[in-house]
Amino acid sequence: MKGIFQPVSCAHMEEKMTLRQMLEQGRLELIQAGVPEPEENAWYLMQSCFSDKDFSYRRSDYFLHQEDEADETVQRRFFTAVQKRSQRIPLEYILGYTEFMGLVFEVDENVLIPRQDTELLVETAVPFCAGKRVLDLCTGSGCIGLSIAVAGTPDEVILSDISEKALETAGRNLQRLQREYGLLLHTKQGISIICGDLWESVQGTYDVIVSNPPYIETREIPELMPEVKTYEPKSALDGGVEGMDFYHRIAERALEYLNQGGMLFLEIGYNQGESVRTLMKRQGFSDVRVSKDLAGHDRVVAGKYIDQ
């Protein structure tokens with residue numbers, strides 16, 4: 001990651017350590033830096049040093065060899081990664097990947113890091129996507145639209161974003177999933193990527209539109225965790241003064257791009273359920289419902305287009 005990591009001298013990079021000592025030293029450094037979940041972070045950073053295949057180094061491998069002397073290259077890679085994490089660079093950006101809906105996605109500083117809460121958006125939309133044409137607005141890494149293509153059987157999926165760099169990441173994730181999961185077997189018409197500001201480049205109509213747009217109030221961004229406010233793209237976070245800017249822009253024109261009986265699914269902030277529900281009803285959506293995440297917070301609003 002260029003431009004965001006400032007190297008720090010680290011004497012124990014040269015010390016001989018067992019894997020157990022190395023892992024423990026990394027954990028202690030993360031604690032000192034105030035990193036949340038230091039043990040879990042240390043483990044994932046070490047795991048990434050042992051294999052080119054993501055998440056493949058198992059705890060059983062570690063326990064069998066924890067008293068072995070750490071390889072010099074592994075040790076240097078590990079403590080370099082620990083230094084980056086100590087600067088509060090997000091774990092996922094250091095690793096270069098994360099897991100979402102049981103799939104591995106590439107992530108970098110050009111895209112928002114997929115959260116577990118967003119899986120509810122996919123789970124809520126998938127039952128309506130079989131044989132349908134699906135549009136994923138503000139796709140970022142592509143994790144939502146691509147997960148729908150894997151978990152369901154849509155006829156076609158379109159990934160759209162304003163950021164060309166984000167779409168490059170989404171394109172690499174598409175290629176990866178095609179290679180590893182035979183993704184195109186799940187879609188008759190395949191998957192396309194388009195660049196534009198919301199509806200700017202969208203053509204035709206869809207049966208399902210999904211979106212996780214920016215929805216954080218501008219004034220709240222400075223109060224976010226350092227990992228988020230410093231390193232994740234602000235354009236993917238800032239939803240305007242009230243956090244509602246993108247919901248208005250999406251809801252005001254969504255019916256133009258939905259087929260009769262089509263569905264709109266939106267991820268929302270924990271306190272936006274009623275506001276977005278009211279907005280969608282005012283724009284002509286029917287059967288508008290709010291779904292809660294595992295923490296009991298409003299997380300997804302869905303509505304149906306029925307021509308009156």
**Student:** Using distance alone, with no hydrogens and no angle criterion, decide if Y215 and E267 have a side-chain donor and acceptor under 3.5 Å apart.
**Tutor:**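 Note: Y215 and E267 side chains meet the donor-acceptor criterion.
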
**Student:** Is it the case that the side chain of E227 and the backbone of I89 share a donor-acceptor pair, with hydrogens and angles ignored and the cut-off at 3.5 Å?
**Tutor:**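 No; zero donor-acceptor contacts below 3.5 Å.
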
**Student:** Using only heavy-atom distances, determine whether the side chains of Q83 and Q87 contain a donor-acceptor pair under 3.5 Å.
**Tutor:**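 The answer is no; no qualifying pair exists.
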
**Student:** Any chance the side chains of D238 and T218 put a donor and an acceptor closer than 3.5 Å?
**Tutor:** yes

**Student:** Kindly give the heavy-atom pair with the smallest separation between V210 and V208, and that separation in Å.
**Tutor:**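 V210 and V208 have their closest heavy atoms at CG1-CG1, 3.9 Å.
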
**Student:** For residues 137-174, pull every pair meeting ring pair (Phe, Tyr, Trp, His ring centres under 6.0 Å), keeping only residues two or more places apart or in separate chains.
**Tutor:**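 Counting only pairs at least two positions apart or across chains, no ring pair (Phe, Tyr, Trp, His ring centres under 6.0 Å) contact touches residues 137-174.
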
**Student:** I'd like to know if R27 pairs up with E39 as an ion pair, taking the criterion as any Lys NZ or Arg NE/NH1/NH2 lying under 4.0 Å from an Asp or Glu carboxylate oxygen.
**Tutor:** no

**Student:** How long is the straight-line distance from SG of C129 back to CD1 of I148, given to the nearest 0.5 Å?
**Tutor:** 4.5 Å

**Student:** Out of curiosity, F105 CZ to I144 CD1, how far, rounded to the nearest 0.5 Å?
**Tutor:**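 Those atoms lie 9.5 Å apart.
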
**Student:** Is R115 salt-bridged to E232, cutoff N-O under 4.0 Å?
**Tutor:** yes

**Student:** Between E274 and R277, is there a side-chain N and carboxylate O pair less than 4.0 Å apart?
**Tutor:**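 Yes, this pair counts.
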
**Student:** CG/D161 to CD/E168 distance, rounded to the nearest 0.5 angstrom?
**Tutor:**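 It is 11.5 Å, given to the nearest 0.5 Å.
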
**Student:** Give the minimum heavy-atom separation between G240 and D245, together with the two atoms involved.
**Tutor:**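 Distance-wise, the nearest heavy atoms are CA-OD2, 3.4 Å.
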
**Student:** CG/L174 to OG/S192 distance, rounded to the nearest 0.5 angstrom?
**Tutor:**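 It comes to 9.0 Å.
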
**Student:** Less than 6.0 Å separating the ring centroids of F265 and F128?
**Tutor:** yes

**Student:** Would you mind checking if D155 and K132 are paired as a salt bridge, meaning a charged N to carboxylate O distance below 4.0 Å?
**Tutor:**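 Salt bridge between K132 and D155, a charged N being under 4.0 Å from a carboxylate O: no.
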
**Student:** More than 12 heavy atoms of other residues, nucleotides or ligands under 6.0 Å from CD of E242: yes or no?
**Tutor:**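 At most 12 heavy atoms, drawn from other residues, nucleotides or ligands, come within 6.0 Å of this atom.
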
**Student:** Does the distance from a Lys or Arg side-chain N to an Asp or Glu carboxylate O, for R249 and D197, drop under 4.0 Å?
**Tutor:**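 Salt bridge between R249 and D197, a charged N being under 4.0 Å from a carboxylate O: yes.
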
**Student:** If I compare all heavy atoms of G142 with all of L159, which pair ends up nearest, and what's the gap?
**Tutor:**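 Between these two residues, the closest heavy atoms are CA-CD1, 4.5 Å.
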
**Student:** Please verify the inter-ring angle class for W199 with Y257; under 30° counts as parallel, over 60° as perpendicular, anything in between as tilted.
**Tutor:**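 Correct class here is parallel.
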
**Student:** Any donor-acceptor pair under 3.5 Å linking the side chain of D136 with the backbone of V157?
**Tutor:** no

**Student:** For the pair E106 and R176, find out whether any cationic side-chain nitrogen is under 4.0 Å from an anionic carboxylate oxygen.
**Tutor:** no

**Student:** Write down the atom of P214, the atom of S235, and the distance for their closest heavy-atom approach.
**Tutor:**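 The answer is CG-O, 3.2 Å.
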
**Student:** Hey, is D298 close enough to K292 for a salt bridge, meaning N to O under 4.0 Å?
**Tutor:** yes

**Student:** Quick one: CG on L266 to CZ on F246, what's the gap to the nearest 0.5 Å?
**Tutor:**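 CZ of F246 is found 12.5 Å from CG of L266.
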
**Student:** Can you tell me if N173 and S141 form a side-chain donor-acceptor pair at under 3.5 Å?
**Tutor:**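 No.
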
**Student:** For the side chain of K304 and the backbone of M263, is there at least one donor-acceptor N/O pair under 3.5 Å apart?
**Tutor:**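 Pair absent, no side-chain N/O of K304 close to backbone of M263.
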
**Student:** Taking S201 for the side chain and C195 for the main chain, is one N or O donor matched with an acceptor at less than 3.5 Å?
**Tutor:** yes

**Student:** Side chain of E109, backbone of Y231: donor and acceptor closer than 3.5 Å?
**Tutor:** no

**Student:** Could you report the tightest heavy-atom contact between L167 and I194, atom names first, then the distance?
**Tutor:**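 Answer, listing the atom of L167 first, then I194: CD1-O, 3.3 Å.
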
**Student:** Any side-chain donor-acceptor pair under 3.5 Å between N259 and T205?
**Tutor:**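 Yes - a donor-acceptor pair under 3.5 Å links their side chains.
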
